[in-house]
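Accompanying notes for the structure given below.
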Amino acid sequence: MRIGFGYDAHRLAPGRPLILCGVNVPSDFGPEGHSDADAPLHALADALLGAAALGDIGAHFPDTDWRWRGADSRVILGETYNLVRLAGYALSNADITIVLQRPKIADYIERMRKSVADTLGCDAGQISVKATTEESMGFTGSGEGISAYAVVLLEGLQ
Ligand code: MG
């Protein structure tokens, strides 16, 4: 078994879509980035790569590459998981935490779990998505940005 950890943060800007774990959450602002800037999926992809010691998301999906401009991060996550499986591992479970002051995203959590599970071809029971704020402190608290953390456990394929 292998454990992996991932982290990501993006600046929030007016007029950008707020896409979290592949789910479009109604909002008048969203994260800036080269792809769709889905911070929790980027954290999850980095956790998967970390668990398999395959480098990081920036090495595999560079923001200088036009292919990932405006990309749906579910594609990045799916391609990442293909690399992990080729290396001989399968996901046991993943636990994601999204840190965002507003809007409230509790009503979208179940859809996010299903979105991640569908992308990885696993059961939603293997995917946890949690949300928290930082109590108005720091860059997430001020609304300047969003951050996300993910941990995964991989099992070796026999
Ligand atoms: Mg990112």
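Both counts, for ligands and for their atoms, begin at 1 and track the order of listing.
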(message) Looking at R16 and E32, is any side-chain nitrogen of the basic one under 4.0 Å from a carboxylate oxygen of the acidic one?
(response) no

(request) Evaluate the ring planes of W68 and F61, with Trp represented by its six-membered ring, and classify them as parallel (under 30°), tilted (30 to 60°) or perpendicular (over 60°). (result) perpendicular

(request) Check the pair V25 / I19 against side chain to side chain contact (heavy atoms under 4.5 Å, CB included), numbers first and verdict last. (result) CA-CA 6 Å; V25 177; I19 299 170; over 6 Å; no

(message) Is there a side-chain contact between M112 and I98 in this structure, where contact means two heavy atoms from C-beta onward sitting under 4.5 Å apart?
(response) yes

(message) For H34 and D63: C-alpha separation, side-chain torsions, deciding distance, then whether side chain to side chain donor-acceptor pair (under 3.5 Å) applies.
(response) CA-CA 6 Å; H34 185 71; D63 62 10; 5.9 Å; no

(message) For the Mg ion (ligand 1), which protein N/O/S atoms fall under 2.8 Å? Skip waters.
(response) D8 OD2, H10 NE2, H42 ND1

(message) Among V116, L120, L41, which residue satisfies the side chain to side chain contact (heavy atoms under 4.5 Å, CB included) criterion with R74?
(response) L41

